[in-house]
Amino acid sequence: MKKVLGLVVSNRKLGNSEVLVKEIMSNIPEECDRELIRLTDLDIKPCKACYVCLQPEKACPVQDDFNFVIEKIRKADALIIGVPVYFLGPHGYFKMLTDRLVGAQNHAQATRGKPCIIVMPYGSTGWEGYSKAAAIVMPNLLRMKLVDCWQIFATLPGESLLNHDNISYARSLGRELFSGREYQAGSKECPVCGSDLFRLLNENQVECPICGSRGVLRNNGSHEFSIPDHHRFSDQEMDIHFKGWLLEMKDRFLDQKDHLKELQRGYRDMNWWVKP
Ligand SMILES: Cc1cc2nc3c(=O)[nH]c(=O)nc-3n(C[C@H](O)[C@H](O)[C@H](O)COP(=O)(O)O)c2cc1C
């Protein structure tokens with residue numbers, strides 16, 4: 001039987017993220033085991049940059065709930081994330097979780113190709129900020145198949161339910177979760193990853209800061225991207241970054257360790273830290 005995990009990244013009980021994740025999950029026609037995690041109820045600490053998880057089979061050594069969450073994500077056949085926009089980006093707990101995915105290449109053996117839906121309620125039109133671009137990083141790192149990243153206007157708790165179109169859309173997402181449906185980037189989005197942010201380069205060139213694909217901005221405002229064989233989230237580039245570059249950095253660190261320690265020493269006694 002299929003397992004479906006709903007990840008709610010909002011402290012608001014029965015808020016928009018929660019009810020929409022539940023609406024999607026309750027409309028999956030296939031027989032499945034459903035589980036919900038409210039990420040904000042769990043203890044997710046910052047990544048301590050030890051890189052232990054880069055090694056296959058090595059769990060994150062930080063003592064908190066991350067390993068519980070990633071195991072649930074790995075075992076699930078599909079992931080439905082509900083994460084609101086907080087100050088122009090995804091809720092900070094979602095970023096905390098994404099930061100813990102240095103071992104993404106190892107997890108991707110379990111998560112690759114599995115469907116992922118992101119529902120992002122936002123409360124003020126024009127305040128969506130960089131939230132969509134930031135939210136799609138996590139499923140891309142895990143090599144999941146993005147079914148949708150649905151940004152939905154809803155301010156008050158549960159307000160999304162006032163509009164029946166929202167409920168219908170959530171139901172269609174549930175019905176089509178396992179149908180092979182895949183996110184179709186809009187005409188103003190990166191055709192490779194779906195991000196809606198671009199960095200301007202020289203001579204009308206634009207770059208997607210999320211997947212690194214490049215295109216040309218035309219005078220009429222449209223853009224033309226040549227779909228590259230390799231982009232940040234392709235197998236080749238991910239291996240170059242995680243198995244190549246990051247491991248090289250480990251060797252470089254071992255080479256330079258003593259010299260770096262020497263440089264750092266002068267700062268050690270500046271103990272101006274305060275705590276509550
Ligand atoms: C601390 C905080 C910051 C917020 N920042 C934004 C924002 O930058 N842009 C926006 O459109 N909505 C913002 N909102 C509104 C929420 O995105 C909106 O109310 C959403 O429906 C909350 O989802 P929830 O009910 O699942 O918690 C913010 C809400 C809070 C509490």
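Remember, it's 1-based here, ligands and their atoms both numbered in the order they're listed. Here the structure is a predicted model, which means the values were calculated and not measured. These numbers come from the heavy atoms of this one structure, side chains and all, not from hydrogens, waters or symmetry mates.
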K114 side-chain N/O to A110 backbone N/O, donor-acceptor pair under 3.5 Å: yes
pair I81-C116: side-chain heavy atoms closer than 4.5 Å: yes
Closest protein heavy atom (residue, atom, distance) for atom 9 (N) of ligand 1: W127 O, 2.8 Å
Contacting atoms of ligand 1, where contact means under 4.0 angstrom from a heavy atom of T155: 18 (C), 19 (O), 21 (O)
Where ligand 1 meets S124 - atom numbers and elements under 4.0 angstrom, heavy-atom basis: 10 (C), 11 (O), 12 (N)
G123 N/O under 3.5 Å from ligand 1 N/O: yes
Nearest non-hydrogen protein atom, atom 21 (O) of ligand 1: A154 O, 2.6 Å
Parallel, tilted or perpendicular: rings of H241 and W245 (30°, 60°): parallel
Under 4.0 Å to a heavy atom of S10 - the qualifying atoms of ligand 1, by number: 24 (P), 26 (O), 27 (O)
Ligand-residue contact atoms, ligand 1 with G15, heavy atoms, under 4.0 Å: 25 (O), 26 (O)
Pairwise side-chain contact, D148 with Y169, heavy-atom cut-off 4.5 Å (strictly under): yes
Interfacing atoms of ligand 1 (cut-off 4.0 Å, heavy-atom, L88): 7 (C), 8 (O)
Side chain, backbone, both or neither: P121 near ligand 1, heavy atoms under 4.0 Å: both
Side-chain heavy-atom pair M120, I152 within 4.5 angstrom cut-off: no
L7 side chain near K72 side chain, heavy-atom distance below 4.5 Å: no
Polar contact flag for R12 and ligand 1 (N/O pairs, less than 3.5 Å): yes
N106 side, atom CG; Q109 side, atom CD - distance, nearest 0.5 Å: 6.0 Å
Row check, F66 ring normal vs K45 NZ/CZ: under 6.0 Å, within 45°: no
Contact atoms of ligand 1, heavy-atom distance to F87 under 4.0 Å: 1 (C), 3 (C), 4 (C), 5 (N), 6 (C), 7 (C), 8 (O)
Atom 23 (O) of ligand 1: the protein heavy-atom neighbour that sits closest, reported with distance to 0.1 Å: P84 CB, 3.3 Å
Taking atom 28 (C) of ligand 1 as the reference point, the nearest protein heavy atom with its distance: V85 O, 3.5 Å
Ligand 1 to Y122 polar contact by distance, N or O atoms, under 3.5 Å: no
Identity and separation of the nearest protein heavy atom to atom 30 (C) of ligand 1: Y86 CE1, 3.5 Å
CA sep, side-chain torsions, deciding dist, call: D239, Q105, side chain to side chain contact (heavy atoms under 4.5 Å, CB included): CA-CA 8 Å; D239 277 351; Q105 277 294 80; 2.6 Å; yes
Ring centres under 6.0 angstrom apart (W127, Y122): no
